[in-house]
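Reminder, nothing fancy here: chain letters follow the sequence lines and each chain counts from 1. All values below were derived from every heavy atom in this structure, side-chain atoms included, with hydrogens, water molecules and symmetry-related copies excluded.
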Amino acid sequence: MKYNFKKIEKKWKLKHKKINFFKINKKSKKKFYILNMIPYPSGYGLHVGHSIGYIFSDIIAKYKLRCGYKILNPIGFDSFGLPAEQFAIKTGKHPEIIIKKSIKNYIKQIKNLGIFLDLKNIINTCNSNYYKWTQYIFIKLFNSWYDNKNKKAKNIKILIKKLKKEKKWEKYNNKKKNKILNKYRLVFLKKSFVNWCPYLKTVLSNDEIYNNKSIRGGYKIIKKKMLQWHIRITKYLDRLLNDIKYLKWSKNIINSQKKWIGKKKVFLIKIKSNVGYIKLYIKKKKKNIKNIIIMAPSYNINFFLKNIKKKYKNEFIKKINKLYNNEEIKILIKTNLLNNKNKKINIYISNYFKNKYIKGVYILKKKNNNFLNKKNNLIYFLNKHFNIKKIKILKKIKKKIIFNLNDIVFSRQRYWGEPIPIYYKYNIPFNIKKKYLPLKLPNINNKILKLKNINKWAWDIKKNKIINKSKNSYLLDINTMPSFAGSNWYYLRFIDNKNKKKIISNKKEKFWKTVDLYIGGSEHINGHLLYSRFCYKFLKDIKIVNFKEPFKKFINQGLILYYSFSIFRLYKYKKFISYDLIKNYKKNNLIKIYIKNEFIINKNELNIKLFIKKNNEYKKFFFKKKKEFLCLMKIEKMSKSKLNIINPNSIIKKYGIDVFRLYQMFIGPFNKKKIWNIEKIKGIYKFINKIWNYFNNLNIINKKLNYKENILINNFIYKINNNLKFFNLNVSISNFMKFFNKIKKKKKIKIKILKIFLILFSSFSPYISEELWFLIKNKKSIFFEKIPKINKEFINLKIKYLLMFNNKLKNVFYIKKEKNKKKYIINKYLKKINKKKIKKIIFKKNKILNILF
RNA sequence: GCCUAGAUGGUGAAAUAGGUAAACACGCAGGACUUAAAAUCCUGUAAUUCAAUUAAUGAAUUUUGCGGGUUCGAUUCCCGCUCUAGGCACCA
């Protein structure tokens, strides 16, 4: 008889609806807060990279629940951000409608993964009840400064009091006062670069750009400086670094964070020339610089601009802009400086460092000569037009500590994000008071989604309301927050989601404390985790939370990779170039565009007809090819932006939820990347069917376990527990199979063995376990059952030893626990051997006896 | 370019603190059942060589991306490479 998963899963889904699993251990003092990073709800739906995380955390939660913990395992959606806005522009629908639809679909899909879901505790970052508090945190940052002495954020009022003691302060006008305060505020205004598309007249994200051109349309991009909100995370870097010691994270993630913060002790050297200063950071205290100096294009180029004629100035800036995002190495400037021994030092500005945020300057070592070998690319430009000859290295060499991480840009020139709760009065920023939050994002029907375009976007300071722009009204900030604003702190809100007065109540925080196990993709290791830790530390300073770190333990979910396909468009032309022909074109003139794999035939050939049919905008394009039009095929992370998503729905339809859950855990270790492949699911499908058939043809005995059975079952529990402890779920599934292979031969079986098997198995495959649980005459859901305890008497009774001669295995022997002593074992086995010949005896407890001749 | 990981049979993978490499599966091959197929069950399955062949089997060597090192012993530790993936600040 085949296992009819459709019928059984439907039945148990309904029954489970009536049980609130999160209240099972309501009175327990032990708690377990497990959390997945919340996803972005894209229109493509949940993919197998998401579901693997949900299933994983659900298995752990179901296990912990029956160990007696009170469980919190919520879900949420990080729903502000670019893709919805892009989709809105394309289709004319409002992003909110798109997001709502997506979320509905996501929840439907998550429900279909067999997980315990608390529908009352869901976070949606674009909900004004939620982003009210995101705005509140922004205001708190705005009204705080960092007291370096106490190493703590404090209210700006305290700073003003201090400043008032200085006589000058009162004399300053408001503008000047604001300028000074801006230097202290934890969120502050500063100019920084954005990707500006002159043709589209918008700022574009890095994702929308390839080779310095916009992917959509293929227009040029330039770097443009704009006034932006920044978060002064640099004040917290020392604390973020020091507190790493409290984290139970894996070494590589901790290392990655450390490097990303990038604390370095360096020496500061200033070089003075006839045109200005260059600052150099070097590792060793040296007065002579022999090597070549390379500067990142982001370095303060004003140094060069001072003595340059206007005519060339513009050209210079253009060339600097070009250097950003260029993939090829290009060198812009070569000047001839002399060090104090009158030897030449060359200075280059180069995109040799793709990381444009590299601090200042790099001194080239001889090793990295390939930089200079690319002489073909040198553009000698500036040295033609001005002379820098006299230079001097100033004598003072200062020790300094620098960090890799800079203050974070916190504003976006977009519509679909949290509005920044700031209005401007005579160009001075003021925050909207807490009472009047949320500052709601206005509705727009226009296709160009920008707060700038909205007429009703000014603040009435008397009525505290949004009003129409006019001469007398105060304009609201036209930027929105970046998408990580809302995801910085959601882990707190889940604890107390419905609280209208506070972010989180003291009482609830005291119980749930912080996240016990946080799960997320490795791509978030640097960004999200660091920003969240920063946010938590700030909230601690202002006494909203009370612990040191937000995530006690973090495990990173290995990325799911899959085949992605892309085609290349020739810049300025309505032309696509087949992948085998792109060698003939300059790299910089090509724009890479991802396409869905439904247009692919024969490995990596494009079905042009179908592609044009479904993508109207490319109707008039020419496809240059030899025989077939080929695409670039790569294996990359599964993501909506790469259009290589696999949706679990069809798999679940074919094999059922239980099989899918088991399969996703079986395909490999959770924290390692894996290429998606569905072939192996048959093995799991067989396994589930075998279990079903076995339970349906049984003679069950109601007797106590004998000695052998006790050993078997206790070791089994031990193994499963151990695997769960170290999160090796793929191995625990193997152990289920092994155990089942052992018991399936018996036609008469004791009920206790079956019960234990099902209780442990139900965390992985809940529905079949419930059905079989009732089949063997239980009357209450299996999830009310406690995880069986191990009887240590039956574990590791005999210890396995390897007997080796000259490192070659001769025999395997077992020693009883009581006799597991070096002397006893050596004596026992040396009797058999001629002792004169022995060179060395190597004995390792619980492992090996190796005799060398 | 910089940073962080990874690489084990035909495939997914396992191997606790350096101690039997390849557990558990998929696939494949052969067999049983069946008119047939599916399903199920059984057997074999890292490679090479040798011995043996009615059958069962036995023995040796090599093997964890490549090249070194430490060690009685390395998939595991160290050094140097290669390739792949992720991150590099406006994808989330």
- Ignoring hydrogens and angles, answer whether the base of B:G19 and the side-chain atoms of A:N807 contain a donor-acceptor pair closer than 3.5 Å. yes
- Query: So, A:F80 versus A:Y131, ring centres under 6.0 angstrom or not?
  - Reply: yes
- Report yes if at least one side-chain N or O of A:S639 is closer than 4.0 Å to OP1 or OP2 of B:C91; otherwise report no. no
- Take atom C1' in B:A21 and the same atom in B:U61, then report the distance between them in whole Å. 16 Å
- If you find the nucleotide of RNA chain B closest to A:M737 and the one closest to A:L559, which residue's nucleotide is nearer the 5' end? A:M737
- Query: Taking the same atom, P, in B:C24 and in B:G73, what whole-Å distance lies between them?
  - Reply: 31 Å
- Query: Looking only at atom C1', what distance separates B:A46 and B:G9, rounded to whole Å?
  - Reply: 4 Å
- Answer with base, sugar-phosphate or nothing: what part of the nucleic acid does A:K682 contact at a heavy-atom distance below 4.0 Å? sugar-phosphate
- Item | Pair of N/O donor and acceptor under 3.5 Å linking B:C72 base with A:N850 side chain | yes
- Task: Look at the side-chain N and O atoms of A:K672 and state whether any lies under 4.0 Å from the OP1 or OP2 oxygen of B:A85.
- Result: no
- Query: When rounded to the nearest Å, what value does the distance between C1' atoms of B:G12 and B:G27 take?
  - Reply: 11 Å
- Query: NA contact type, A:N741, heavy-atom cut-off 4.0 Å: base, sugar-phosphate, or nothing?
  - Reply: sugar-phosphate
- B:G69 versus B:A17 - spacing of their P atoms, nearest Å: 28 Å
- Pair A:S205-A:D207, side-chain donor/acceptor within less than 3.5 Å: no
- Query: B:A17: syn or anti, with syn meaning chi within 90° of zero?
  - Reply: syn
- Quantified in whole Å, what is the C1' atom distance between nucleotide B:U64 and nucleotide B:A23? 15 Å
- Message: Looking at the base of B:C90, is there any donor atom on it, or on the side chain of A:Q413, that sits under 3.5 Å from an acceptor on the other one?
- Response: yes
- Check whether any side-chain nitrogen or oxygen of A:K738 sits under 4.0 Å from OP1 or OP2 of B:C24, and answer yes or no. no
- So, A:Q228 and A:R412: side-chain donor and acceptor under 3.5 Å apart, yes or no? no
- Distance in angstrom units between A:K251 NZ and B:U4 C1', rounded: 15 Å
- Given B:A92, is OP1 or OP2 found less than 4.0 Å from the side-chain N or O atoms of A:K642? no
- Message: For the P atoms, the ones on B:A56 and on B:U35, what distance do you get once it is rounded to whole angstrom?
- Response: 29 Å
- Query: Which nucleotide, B:C72, B:A17, B:A85, lies nearest any side-chain atom of A:L561?
  - Reply: B:A85
- side-chain contact (heavy atoms from CB on, under 4.5 Å) assessment of A:R414 paired with A:T480: CA-CA 6 Å; A:R414 301 189 185 284; A:T480 51; 4.1 Å; yes
- Query: Quick one: CG on A:N722 to NZ on A:K725, what's the gap to the nearest 0.5 Å?
  - Reply: 6.0 Å
- Message: It should be established whether A:K686 places a side-chain nitrogen or oxygen under 4.0 Å from OP1 or OP2 of nucleotide B:C26.
- Response: yes
- Heavy atoms under 4.0 Å, any strand shown: does A:P669 hit a base, just sugar-phosphate, or nothing? sugar-phosphate
- Is there a side-chain contact between A:I841 and A:I826, using heavy atoms and a 4.5 Å cut-off? yes
- Distance under 6.0 Å and angle within 45° of ring axis: A:K225 vs A:F193: yes
- Note on the structure: Base orientation of B:G9, chi within 90° of 0 counted as syn, else anti, reads syn
- Look at A:S483 and B:A92 and indicate whether a side-chain polar atom (N or O) is within less than 4.0 Å of OP1 or OP2. yes
- Query: Is the A:W249 ring parallel, tilted or perpendicular to the A:F554 ring (thresholds 30°, 60°)?
  - Reply: tilted
- Note on the structure: Between A:K840 and A:I38, the residue closer to the 5' end of RNA chain B by nearest nucleotide is A:K840
- Task: Verify the contact: side-chain N or O of A:N689 to OP1 or OP2 of B:A39, cut-off strictly under 4.0 Å; return yes or no.
- Result: no
- Query: Which dot-bracket string fits RNA chain B when only Watson-Crick or G-U wobble pairs with both atom distances under 3.5 Å count, crossing pairs get [ ], and | stands for a partner on a different strand?
  - Reply: (((((((..(((......[....)))((((((.......))))))((((((.....))))))..(((((..]....))))))))))))....
- Item | A:Y490 and A:H528 aromatic ring geometry - parallel, tilted or perpendicular at 30°/60° bounds | parallel
- Query: Using atom P of each nucleotide, how far apart are B:C28 and B:A37 to the nearest Å?
  - Reply: 15 Å
- Given B:A25, is OP1 or OP2 found less than 4.0 Å from the side-chain N or O atoms of A:K680? no
- Under 4.0 Å between any heavy atoms, over every strand shown, what does A:H528 touch: base, sugar-phosphate, or nothing? Just pick one. nothing
